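These notes are about the structure you will find just below.
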There are 2 protein chains.
Amino acid sequence: MEQHLSEMTELIDQTIEGTAGGMRAGNRSLSVMDQIREAILGGAVGAGARLNEVQLSKTLSVSRTPVRAALQALAGEGLLDYAPNRGFTVREFPLPAIVDAYDIRAALEGVAVRFAAERGLATKERDIIERALAAGDKLLERGSFEAGDLTLYRDINGDFHDALLAAAGNRMLSEMIRICHHVPVSSTRNIVVFEYHDVRRRHDDHHRIFQAVVGREPWRAEMLMREHVASIKTSLVGHLSERKTYPAAEFQTAGESP
Amino acid sequence: MEQHLSEMTELIDQTIEGTAGGMRAGNRSLSVMDQIREAILGGAVGAGARLNEVQLSKTLSVSRTPVRAALQALAGEGLLDYAPNRGFTVREFPLPAIVDAYDIRAALEGVAVRFAAERGLATKERDIIERALAAGDKLLERGSFEAGDLTLYRDINGDFHDALLAAAGNRMLSEMIRICHHVPVSSTRNIVVFEYHDVRRRHDDHHRIFQAVVGREPWRAEMLMREHVASIKTSLVGHLSERKTYPAAEFQTAGESP
DNA sequence: GCTCCATGAAGTGTACACAGTTTGTGCAAT
DNA sequence: ATTGCACAAACTGTGTACACTTCATGGAGC
């Protein structure tokens with residue numbers, strides 16, 4: 001316990017140096033929030049760890065007030081648990097919950113793409129998607145991956161999904177999907193597990209989904225998106241079952257590779 | 001603007017008297033949070049209204065600290081918007097967003113009931129559901145509604161859905177569905193718009209959903225639940241289009257009838 | 001009369017002090 | 001040795017003062 005806290009202290013100190021230039025405007029609470037969130041998502045603090053307000057305030061060189069504000073906000077995002085008079089702890093995400101998150105995300109992104117197909121794409125989002133598809137085509141035409149390609153595709157993938165989400169035009173939906181993405185390990189930054197042929201297939205999915213959206217086929221679009229996300233879940237589960245144990249810690253840091 | 005705040009002040013004062021006995025333990029922040037939430041859901045504060053911290057603290061007889069904590073928590077629930085250095089405003093839910101919320105809820109509850117069917121019902125939840133179904137049967141066998149029956153069925157309906165949600169055994173899902181329920185107007189307390197035959201049909205849906213769950217038919221259960229919730233949306237939309245305008249204010253308070 | 005800037009009022013952001021609760025520790029009794 | 005209790009340390013909850021930002025008001029300059 002005490003160990004967790006000191007670990008975090010060190011790692012947050014690193015983060016401070018790293019993101020010193022990117023501090024958010026005006027508000028220390030928001031800056032503190034970002035730093036703590038990164039520490040959690042980056043796996044710097046273990047699940048279930050208790051976050052000590054005074055220690056955090058010392059480490060981050062602010063008073064307890066913005067720290068508390070940040071913790072409350074992060075609890076609202078679902079990253080922390082709160083117990084009265086006992087403070088905040090890092091929320092635990094057991095493996096089944098992480099797998100479930102993909103099903104939830106599949107359902108939500110399915111609805112999102114259905115909305116997009118019903119409402120049509122604005123030229124802005126359409127451009128982004130077409131560019132993402134073209135960039136993916138180009139990246140994949142070589143037939144194999146080189147170093148850094150996966151990171152590149154991760155961005156392309158993000159653009160595609162974000163643009164569709166924007167086209168859905170619903171804030172609640174966006175926020176819920178964002179929460180799904182921010183589940184430790186299910187985060188987009190941790191999709192490093194996939195091989196070339198996985199990405200190839202997922203990229204084909206993207207093409208078909210786009211086709212369904214521009215063709216104004218809402219339910220087909222929804223079904224395709226659900227299957228698309230569900231297949232990611234399947235890949236993850238398959239990847240996990242290849243291992244003998246379920247090394248949670250290893251997976252938490254896996255995505256942080258350069 | 002100023003008018004909104006004074007309105008709220010009065011209405012919160014009422015609420016204080018009304019819920020004085022039900023105050024939450026230990027924590028003033030939580031108590032304050034409940035009171036502000038009720039004021040918003042009850043329609044006491046208009047959408048878009050800015051919430052003044054000092055005024056709230058005076059009205060609720062606490063300092064700004066618990067007020068700020070409550071506001072931040074409510075923002076996390078999606079009921080408030082936050083802008084740095086400008087404080088909190090009551091989040092706006094335009095009619096399309098409210099209608100969308102039913103689609104989102106349909107998708108989420110669909111996943112929930114699928115999980116429940118996959119994982120099976122514990123005897124506890126099974127009992128609750130069977131009792132809810134039986135109570136509904138009894139209430140409906142008369143063939144028409146008397147005064148108060150709708151309120152009664154609202155509780156039965158809530159028990160049914162809550163038990164299934166519990167059976168799904170996923171916290172993230174529960175919280176997201178809870179958020180959908182807490183959208184002003186889409187709240188369960190506002191289902192006063194339905195006639196006897198609507199409730200009759202929805203109750204039949206419940207029977208079939210239960211059947212699918214105990215029969216371990218996950219996808220059938222999901223489909224039934226999606227259709228079930230979607231039909232509520234359809235009823236709402238139909239009810240709305242019967243009117244010439246879309247009187248948001250009227251609907252916000254409609255559910256509070258005795 | 002209109003625009004622009006200064007000024008102050010109002011409101012939010014932060015720090016800090018103190019109160020209340022939880023939790024760990026050590027002593028005493030069995 | 002174990003259990004129970006009391007005390008103290010640590011931590012969270014709340015109040016309050018002050019700093020900073022925003023916004024409205026009004027007057028000077030054009």
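Note that the coordinates shown come from a computational prediction; the quantities given were computed from them, not determined experimentally. Here is how names work: the chains are called A, B, and so on, in the same order as the sequence lines, proteins then strands, and each is numbered from 1.
Listed nucleotides: dG15(D), dT14(C), dG11(C). Nearest to the side chain of Asn27(A): dT14(C). Between dT12(C), dT16(D), dG13(D), one nucleotide has an atom nearer to the side chain of Arg68(B) than all others, and that is dT12(C). Considering only side-chain atoms of Ser63(B), the nucleotide from dA15(C), dG13(D), dG15(D) that sits closest is dG15(D). Of the candidate nucleotides dG11(C), dT16(D), dC11(D), dG11(C) has the atom lying nearest to any side-chain atom of Arg50(B). Side-chain proximity of Arg28(B) to dT14(D), dT14(C), dC11(D): nearest is dT14(D). Residue Asn85(A) has its side chain nearest to dT21(C) when only dT14(D), dT21(C), dA15(C) are considered.
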Pair Leu164(B)-Glu125(B), side chain to side chain contact (heavy atoms under 4.5 Å, CB included): steps then yes or no: CA-CA 7 Å; Leu164(B) 278 179; Glu125(B) 284 116 21; over 6 Å; no
Worked check of side chain to side chain donor-acceptor pair (under 3.5 Å) between Ser31(A) and Gln35(A): CA-CA 6 Å; Ser31(A) 169; Gln35(A) 295 178 55; 3.1 Å; yes
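In this entry the distance linking CG of Leu51(A) with C1' of dT12(D) reads 13 Å, nearest Å. Rounded to a whole Å, the CZ atom of Phe88(A) is 16 Å from the P atom of dC11(D). Rounded to an integer number of Å, the gap from Asn52(B) CG to dA9(C) P is 17 Å. Spacing between atom CD of Glu53(B) and atom P of dA17(D) amounts to 17 Å, rounded to whole angstrom units.
Using a 4.0 Å cut-off between charged nitrogen and carboxylate oxygen, Asp34(A) and Arg37(A) count as a salt-bridge pair. Ion pair Arg114(B)/Asp103(A) flagged as a salt bridge, since at least one NZ, NE, NH1 or NH2 atom sits closer than 4.0 Å to an Asp/Glu carboxylate oxygen.
One N or O donor and one acceptor, one from the side chain of Arg64(A) and one from the base of dG13(D), sit under 3.5 Å apart. A donor-acceptor contact under 3.5 Å links the side chain of Thr65(B) to the base of dG15(D).
The phosphate of dG13(C) has neither OP1 nor OP2 within less than 4.0 Å of any side-chain N or O from Ser29(A).
Note on Tyr82(B): only backbone sugar-phosphate atoms sit closer than 4.0 angstrom, heavy atoms only; bases stay farther off.
Rounding to the nearest 0.5 angstrom, the gap separating the CD1 atom in Ile40(B) from the NE2 atom in His182(B) is 11.5 Å.
Comparing Arg86(A) and Gly87(B) by the nucleotide of DNA chain C that holds the closest heavy atom to each, the one mapping nearer the 5' end is Gly87(B).
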